[in-house]
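Some notes on the structure that comes next.
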Amino acid sequence: MYYEVKIKTLEVDEIGKEKCVTHTFLIDSMSFTEAEARIIEHAKVYAGDYEVISIARSKVNEVIKSDADSDEVKFFNVTVVYSEEIDSGKRKNYKRYYLVESQNPDGAISIIQEEWKECVLDWDIIMVKESPIREVLEYKE
């Protein structure tokens with residue numbers, strides 16, 4: 001399961017002024033407690049003074065990372081709706097939520113189209129938007 005974790009930290013901008021900035025991370029974890037422990041460990045290296053301000057379950061079902069240069073890529077939330085016929089002959093719609101690493105929205109759409117190209121179900125991309133997520137921390141044993 002993925003959790004969105006937000007931390008608040010003080011950063012110095014280009015003109016030397018300190019400002020409070022919020023960063024969002026997506027953490028693959030088994031619980032809120034584990035997500036908090038992992039962001040605390042990660043933030044020790046990443047930020048000086050920081051505060052964990054929120055932890056919430058994410059709708060993301062799958063993360064698709066890119067091979068592109070990490071300085072140029074962003075994360076995009078992509079929602080795919082697909083439908084299946086159920087026992088009564090009616091169609092039931094389902095949603096699948098992706099976090100796609102890409103340079104732009106068109107690249108994220110291409111990645112999802114490639115992912116779904118062999119699917120025999122009716123499906124459509126209904127939403128693509130830039131995500132505030134800065135980094136994904138995958139689960140490691």
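Computed from heavy atoms alone, side chains included, the values below leave out hydrogens, waters and symmetry copies.
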Hey, what do you get for [atom1] ([X]) to [atom2] ([Y]), rounding to the nearest 0.5 Å?
X	Y	atom1	atom2	answer
M1	F32	CE	CZ	8.0 Å
L99	N77	CG	CG	5.5 Å
L137	E41	CG	CD	11.0 Å
I125	I109	CD1	CD1	5.5 Å
I27	S58	CD1	OG	11.0 Å
I7	I39	CD1	CD1	5.0 Å

If every non-hydrogen atom of [X] is compared with every non-hydrogen atom of [Y], which pair is closest and at what distance?
X	Y	value
R96	Y82	CB-CE2, 4.2 Å
Y3	M30	OH-O, 3.9 Å
F75	R134	CE1-O, 3.8 Å
F76	Q103	CE1-C, 4.3 Å
T24	P132	CB-O, 3.8 Å
Y50	K44	CE2-N, 4.4 Å

Taking the side chain as every heavy atom from C-beta outward, state whether [X] and [Y] have any pair of such atoms under 4.5 Å apart.
X	Y	result
E84	L121	yes
V81	N93	yes
Y2	K59	no

Atom NZ of K65: over 12 foreign heavy atoms under 6.0 Å: yes

Report yes or no: does [X] contribute a side-chain atom to a donor-acceptor pair with the main-chain N or O of [Y] at less than 3.5 Å?
X	Y	value
R38	D28	yes
E4	A56	no
D124	I126	no

Check against salt bridge (Lys or Arg N to Asp or Glu O under 4.0 Å), E114 and K117: CA-CA 5 Å; E114 183 67 25; K117 74 179 181 184; 2.8 Å; yes

Please answer: with hydrophobic residues joined when any side-chain heavy atoms are less than 4.5 Å apart, are [X] and [Y] in the same cluster?
X	Y	result
V136	F25	no
I112	M127	no
I111	V78	yes

Aromatic plane relationship, Y98 with W116 - under 30° parallel, 30 to 60° tilted, over 60° perpendicular: perpendicular

Derivation of the side chain to side chain contact (heavy atoms under 4.5 Å, CB included) call for V100 and V128: CA-CA 10 Å; V100 181; V128 177; over 6 Å; no

For S83, all residues meeting side-chain hydrogen bond (donor to acceptor under 3.5 Å, both in side chains), sequence neighbours excluded: R91

Test side chain to side chain contact (heavy atoms under 4.5 Å, CB included) applied to H23 and E11, step by step: CA-CA 11 Å; H23 296 292; E11 290 186 0; 2.6 Å; yes

